[in-house]
Amino acid sequence: MSLAAIFVFLLVSALQMLECVLDLARRRGSISDEQVKLRMEITQILKEASTLSTSSTFAQAAKLKRLAAAKEKELAKVQDLTIKGKQSLYEQYGKVLLITKVLIYGLLVLWFWSTPVTTVPKHLLQPFGRLFSWRGIDAATGRVVVGILPWLFLTSRVSKLLSEKLAPIFLHP
């Protein structure tokens, strides 16, 4: 297998891994310090309200519950603002990544258009040898010559599968 085939595979795998990491980060999201602080305040207020259960402290407990409800509304607003801001940021990163992928794939196609990426034994591509061959079979070695377009297709599918399986393992919090 040639170094060009390995280079293309590693480049496509890196792009797929970046896409998977971006998608995983978008799905997971993150919690800001302000959200953590509000959540802690809400739990503290609710604990205080639950300790005030007698009839003489009923008004104080109701006041604390209303304060907790107001804090929960404030937390919901903060979460909405955070989600909207991060979604637009992830969309921008996604567009940049898509443009980068298109440019890199285009450059790879231009670079390897007239030359084969790799050669493989004929028996490995038995039923689909014609689909992956680039100008047929190498007469000197009897091996199937693989062009850039089928190689990009294969490597993108394989690297996408690998990145979907490996990204959650490497990015586990």
Side-chain angles (χ1 to χ4, degrees), residues 1 3-112 117-118 132 148-173:
M1 188 174 247
L3 290 177
I6 296 170
F7 169 73
V8 171
F9 177 73
L10 291 176
L11 190 61
V12 170
S13 295
L15 289 172
Q16 292 290 348
M17 186 61 84
L18 281 174
E19 185 177 2
C20 193
V21 165
L22 181 66
D23 186 47
L24 199 60
R26 181 179 37 127
R27 280 188 275 143
R28 281 188 184 165
S30 63
I31 300 172
S32 67
D33 293 335
E34 184 181 1
Q35 291 175 359
V36 170
K37 182 181 171 189
L38 281 172
R39 181 66 61 198
M40 289 176 57
E41 286 178 12
I42 291 169
T43 55
Q44 182 64 28
I45 291 170
L46 289 174
K47 282 181 184 177
E48 288 177 26
S50 67
T51 59
L52 303 172
S53 61
T54 63
S55 60
S56 62
T57 58
F58 175 75
Q60 181 72 18
K63 183 179 176 183
L64 288 175
K65 286 181 183 178
R66 285 192 302 271
L67 181 62
K71 294 272 186 188
E72 285 178 355
K73 286 181 181 178
E74 183 181 346
L75 178 64
K77 287 180 184 176
V78 169
Q79 286 175 338
D80 285 343
L81 290 174
T82 303
I83 288 172
K84 287 178 185 175
K86 291 195 181 223
Q87 287 294 0
S88 66
L89 184 65
Y90 290 134
E91 286 175 8
Q92 288 175 348
Y93 285 151
K95 288 178 185 176
V96 169
L97 185 62
L98 179 66
I99 291 169
T100 304
K101 280 176 75 172
V102 167
L103 288 175
I104 289 177
Y105 281 26
L107 287 173
L108 287 172
V109 167
L110 289 174
W111 188 12
F112 291 108
V117 177
T118 189
F132 298 116
I148 186 65
L149 292 178
W151 188 251
L152 278 175
F153 175 75
L154 285 174
T155 56
S156 66
R157 300 306 333 154
V158 169
S159 62
K160 186 170 187 168
L161 177 71
L162 286 175
S163 64
E164 286 175 355
K165 299 298 180 191
L166 295 178
I169 293 170
F170 290 129
L171 299 175
H172 188 54

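Throughout, numbering of the chain's residues begins at 1 and tracks the sequence. All values below were derived from every heavy atom in this structure, side-chain atoms included, with hydrogens, water molecules and symmetry-related copies excluded.
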Derivation and outcome, side-chain contact (heavy atoms from CB on, under 4.5 Å), residues Q16 and K101: CA-CA 9 Å; Q16 292 290 348; K101 280 176 75 172; 3.7 Å; yes
Nearest 0.5 angstrom please: T155 OG1 to K160 NZ, how far? 13.0 Å
Can you tell if the side chain of L11 reaches within under 4.5 Å of the side chain of F7, non-hydrogen atoms only? yes
L64 to I45 - nearest heavy-atom pair and separation: O-CG2, 3.1 Å
Between CG on residue L46 and CD on residue Q44, distance to nearest 0.5 Å: 9.5 Å
Atom CG in L108, atom CG in L152: separation rounded to 0.5 Å? 5.5 Å
Tightest non-hydrogen contact, residues S159 and S13, listed as CB-OG, 3.2 Å
Using 0.5 Å steps for rounding, measure from the NZ atom of K47 to the CD1 atom of I42. 13.0 Å
What heavy-atom pair brings A5 and W151 nearest, and what distance separates the two atoms? O-NE1, 3.3 Å
Step-by-step side-chain contact (heavy atoms from CB on, under 4.5 Å) determination, V158 to F9: CA-CA 9 Å; V158 169; F9 177 73; 4.0 Å; yes
So which heavy atom on M17 is nearest to which on L166, and how close? CE-CB, 4.3 Å
Enter the distance from K37:NZ to E41:CD here, rounded to the nearest 0.5 Å. 5.5 Å
Determine, step by step, whether V8 and W111 satisfy the side-chain contact (heavy atoms from CB on, under 4.5 Å) criterion, reporting the C-alpha distance in whole Å, the side-chain angles of both residues, the deciding distance to 0.1 Å, and the verdict. CA-CA 11 Å; V8 171; W111 188 12; over 6 Å; no
Tell me if the NZ atom of K65 is crowded by more than 12 foreign heavy atoms within 6.0 Å. no
Just do the side-chain contact (heavy atoms from CB on, under 4.5 Å) check on L18 and L22 with the steps written out, would you? CA-CA 6 Å; L18 281 174; L22 181 66; over 6 Å; no
Kindly give the heavy-atom pair with the smallest separation between L97 and E19, and that separation in Å. CD2-CA, 3.3 Å
Hey, what do you get for CD1 (I104) to CD1 (I99), rounding to the nearest 0.5 Å? 12.0 Å
Is the number of heavy atoms from other residues, nucleotides or ligands under 6.0 Å of Y105 OH greater than 12? yes
Measure the shortest side-chain to side-chain distance between E74 and K71 over non-hydrogen atoms and say whether it is less than 4.5 angstrom. yes
What are the two closest non-hydrogen atoms of V12 and S156, and how far apart are they? CG1-CA, 3.6 Å
